[in-house]
Structures are given as structure tokens and as C-alpha cells.
Number of protein chains: 2
Amino acid sequence: MSSRSSGENAREIPEATVARLPVYLRALTGLTEGGIATCSSEELAAAAGVNSAKLRKDLSYLGSYGTRGVGYDVEYLTYQIAREIGVTQDWPVVIVGIGNLGHALANYSGFRSRGFRVVALLDADPARAGEEVAGIAVRPFDELEQIVADHAVAIGVIATPAAAAQSVADRMVASGISSILNFAPSVLAVPAGVDVRKVDLSIELQILAYHEQRKAAVEAVAATDAAPLAPGGVS
Amino acid sequence: MSSRSSGENAREIPEATVARLPVYLRALTGLTEGGIATCSSEELAAAAGVNSAKLRKDLSYLGSYGTRGVGYDVEYLTYQIAREIGVTQDWPVVIVGIGNLGHALANYSGFRSRGFRVVALLDADPARAGEEVAGIAVRPFDELEQIVADHAVAIGVIATPAAAAQSVADRMVASGISSILNFAPSVLAVPAGVDVRKVDLSIELQILAYHEQRKAAVEAVAATDAAPLAPGGVS
DNA sequence: TAGATTGTTAATCGATTAACAATC
DNA sequence: TAGATTGTTAATCGATTAACAATC
């Protein structure tokens, strides 16, 4: 996109592929734990829950790390994907908002195992400061700038109520954080160059509810159709 | 897809649109709280964080609920979207696995406000039974079938460790649950007709890490290009 | 009527998938 | 060599977007 010569960073990996790479990484970890040293695209795809054509296409954006007629070396492919995602590095992270969800996040083992290191837990309530969660001291939100500078934090997690989320994001951005994972149910406005990803538990449930409702509707129609004459109602 | 005549349920709403409807619903709630009774697609799109063409296209799958030259009635549109998603109904939900995350989910207020009612908290550890979380008693996992039957539960939430997730899912499906929200980091195998959505905190962070790494790489290239002068104040 | 804004069209873009040539 | 499996091509499908006619 930039006018810069496209040597080095030419390999533009599609977003949909980027989102699946961590899934492949997890599937590979599972294979390793099962003592499997080599796998075919078919096997890895099954473990990851995608079809094999998609898997091969995705991997082709990274390079050619398989062997035709043989498959992929699990350890080698694991390393290549981890490197591509960037989880071979250490990523210092701060979590802001130590309510129920903040607690759960601080205790979440899946972070540490992937290079994410929680360097600080921050809460706006001064009464919380001094508490310890998952072996990490809770500190006042005002120390954000200092902590980000000290630990070169690039990623922040927001687990505050919706009302506080935007101002927390503003402070994060001002302090130098450029990637935010937002659990608060609010749309964040951030400058270009800052990435925000949003996890919204209620939205996921609503998507399920929509499909659930549809299943029920289809069953109702089927029952009606099965009736002797069925006044065949179009809406 | 079925051979059934396509009257009633003809309005196939694209998945991408379904995933955004809850976002619009939340934005509309925000407008209502701000005392706004009417909005244009431009305003609602801004509140939801999408562009207005996409919003209008999405809404067009539901019907024509706006007025040309005027915009949308906030209350009316809210109702229509809520009805389409299905959150005007009551959705009984069970949560299995009452660790840190299960606690957070049980306490999450966003569920109740959208028609989701947590009817039971289940944990495999018998020692947990009798505990109370968010005013709901924790019960033994073995009571699952009974509870699903008693409350006509269609949606289950899995917040167990990865190792337990598949067997919990199997039991859920056997007991009649047909939609599962899975927080455990594992790929679930379920029969056709059962919907699974997955929320994986570590995967979200890894996607951020990938982009973060890329930003750093671009800055490094820029700094190199600029080398002779200015060791480069990139933001 | 003149101005505003929706709902829809059509073009574009990106993602998925099946099929298969390349090659171990 | 024969069998297996990758990496890539090309067709298809679905999602996004700009533009604008319809219409309040």
C-alpha cells in the first residue's frame, strides 16, 4: 500500500488467514503433546477444525514449510507460525479494570504460555491498590504511563465498565500503547495506527440466539407442512 | 438449502450481517439513553463503528424500517432488530465450569439485560456444590440433564479447562442443548444442527501481536530508509 | 417544491474451495 | 518407479462499498 519498495514486507497475509494462524498453532501444540512428529494437511486441518484446502492456502502465505508426499514437520511448522505471529517474542501487557473479568484474565494461563506477560494490573479504585491477584499487585490507574514506559508495553487490555473504557483507551494511547483488547461493551475511538479488537460476550450469545430462533422456526414450519392439509401460510 | 418452498423464511440474512445486528442494538440503546428519538443511518453507523452504506445494506435484509428524508425511529428500529435476533424472548442458559471465568460470566450483567437468564451454574467438583455465585447456587454437573429438561435450556456456556470441554459438550448435546458458547481453548466436535461459537482470549491477543509486530517492522524499515539523517522520531 | 436520506443496484474486493500439476 | 501429498491455480461465492434513483 505504501510507496515503499516491496521487498522485505511484501508478504501481505490476509486478515482471515492471520485470525486462523493461532488456531493452527494450538492444534500443532496438541499434536506435539500427543507425540506426533509429522502430519499431513488433512490431519492438521482436522485438529484445527477447518478444511485442508484452506489450511494449505493459509500456510502458503507464510512460505513452503511442508514436503510433498510427506507432510509437515510439527516442530518446524510450529516454530514458523509462532515466528510469523510474533509469539516467539515477549509481549508485556497491562490489564486495566480488576473486576470479575479482570481477575479471570489475570489468572488466565493461556496468556503466559504464548509470550504474553502481565506486567501490571491497574484499577481506578484506590481501595484496590495493594491487593494481589494471581501473584501480581494491583496498582492505581495513574501509574499507567510510568509502567508503560518502564516495561515498553505495547498491548493493553480493557476490562472496565463501558463508561470508563474510552477514557482508559485515550490514556493508553497517549502513553504509547498501540494495540488494545477491549472487553468493555463500547465502541472505542482511537487514532489511525492503533489496533483495537473487541470481545463481547453478550454479542456472541446473541448470535447463537439468532440461529437458535431460526432452528425453532424451521422446525415449526416442518411440523406445519407435515400436517394433513397445512394452510400453507406465507408471511 | 432445503427443498422447502421459500416463502416464510426466505429472508436469508448473511452471517456477517447477523454478527453486526447486536452491535446496532447496543448503539441504539446508547442513543435511547442519550434521549435521541430519531437518527439517520450516518449517525447510527458512527455510533456502531461501521460505515453507513454497510449499515443500510444490513438493515435492508430485515425490511424497510426507515423513512426516506428523515431517518429511523430509534425505538421502533430497536424493537425490530431485537425481534429479528430473538432477544425479545427469554433464553435460559446454563454455565458449566465455575472457575475464574465462570465466576465472571455468572456476574456479567450484559446477559440478563438481553434476555439471557442463567438458570444454573454447574461444576464437576462436588466440593463446589452448595457455593453461591451471583446469587445462583452451584450444582453438581450430573444434574445437567434434569436442569436442561426442567428449564428448556437451549444454550450452554462452557468455561471449563480444555481437557473437559469435549465431554461437557457431548453431555450438553445429548441433553438437548443445540447452541454452545465455548470459552475453553479446544475445538469441539458436535453433530450437524448444533451451533458452536468460540471465544478464545489468547487468540485475540495473538492477532494483536501479529499486527503489533508488523508495525514495529515497518517502523524499522522506515528508520533504515531515513538513516543518514534523523535516527527517526517515529511516534 | 427543495432538501434530505433511505433502500437498492452494480461494481469491486476478498475469502473459500475444488482440482491438479509439481514433486517428494 | 508408484503412491502420497503439497503448493498453486482458477472458479465460485460472499461481503463491502460507492453511487443514485426513489421518495419522504
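Because only heavy atoms are used, hydrogens play no part in the values below, and waters and symmetry mates are left out as well, while side chains stay in. A note on names: the letters A, B, ... follow the listed sequences, proteins ahead of strands, and every chain is numbered from 1.
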Between C:dG7, D:dT6, D:dT17, which one does the side chain of B:Tyr72 approach most closely?
C:dG7
Is there a donor-acceptor contact under 3.5 Å linking the side chains of A:Ser109 and A:Arg114?
no
For side chain to side chain donor-acceptor pair (under 3.5 Å), just list the numbers for B:Glu212 and A:Ser178, CA-CA rounded to whole Å, side-chain angles, deciding distance to a tenth of an Å, and then say yes or no.
CA-CA 7 Å; B:Glu212 192 60 42; A:Ser178 50; 2.8 Å; yes
Between atom NZ in B:Lys54 and atom P in C:dG14, what is the gap in whole Å?
13 Å
Nucleotide nearest B:Ser64 when distance is taken to its side chain, options C:dG7, D:dT8, D:dT5:
C:dG7
Roughly, in whole Å, what's the span from CZ in A:Arg20 to C1' in C:dG14?
12 Å
Atom OH of B:Tyr61 and atom P of C:dT9 are separated, to the nearest Å, by 11 Å
Tell me whether B:Glu12 is salt-bridged to A:Arg214, with the criterion being a basic N under 4.0 Å from an acidic carboxylate O.
yes
For D:dT9, the Watson-Crick or wobble counterpart (both distances under 3.5 Å):
C:dA18
Whole angstroms only, please: what is the OH-P distance between B:Tyr65 and C:dT8?
12 Å
Return the nucleotide paired to C:dC24: Watson-Crick means purine N1 to pyrimidine N3 with N6-O4 or O6-N4, wobble means G-U with N1-O2 and O6-N3, both under 3.5 Å.
D:dG3
Could you give the CG-to-C1' distance, from A:Leu59 to D:dT6, as a whole number of Å?
10 Å
Could you check whether A:Asp73 and A:Thr38, counting side-chain N and O atoms only, form a donor-acceptor pair closer than 3.5 Å?
no
Measure the distance from CG on B:Asn51 to C1' on C:dT5 and round it to the nearest whole Å.
15 Å
Of the candidate nucleotides C:dA18, C:dA15, C:dT8, which contains the atom at the shortest distance from the side chain of B:Lys57?
C:dT8
Residue mapping more 5' on DNA chain C - nearest nucleotide basis, B:Gly66 or A:Gly69:
B:Gly66
Quick one: label B:Glu15 by what it contacts on the DNA or RNA (base, sugar-phosphate, nothing), any heavy atom closer than 4.0 Å.
sugar-phosphate
Looking only at side-chain atoms of B:Arg56, point me to the closest of C:dC24, D:dC20, D:dT17.
D:dC20
Do the side-chain N or O atoms of A:Thr67 get closer than 4.0 angstrom to the phosphate oxygens (OP1, OP2) of D:dT6?
no
Quick one: label A:Ala53 by what it contacts on the DNA or RNA (base, sugar-phosphate, nothing), any heavy atom closer than 4.0 Å.
base
D:dT6 OP1/OP2 closer than 4.0 Å to side-chain N/O of A:Ser41
yes
Measure from CD on B:Glu42 to P on C:dA4 and round the result to the nearest Å.
14 Å
Quick one: does A:Arg68 reach the base of D:dT6 with a side-chain donor-acceptor pair under 3.5 Å?
yes
Whole-Å gap separating P (D:dA18) and CG (B:Leu55):
14 Å
B:Tyr76 ring center within less than 6.0 Å of B:Tyr65 ring center
yes
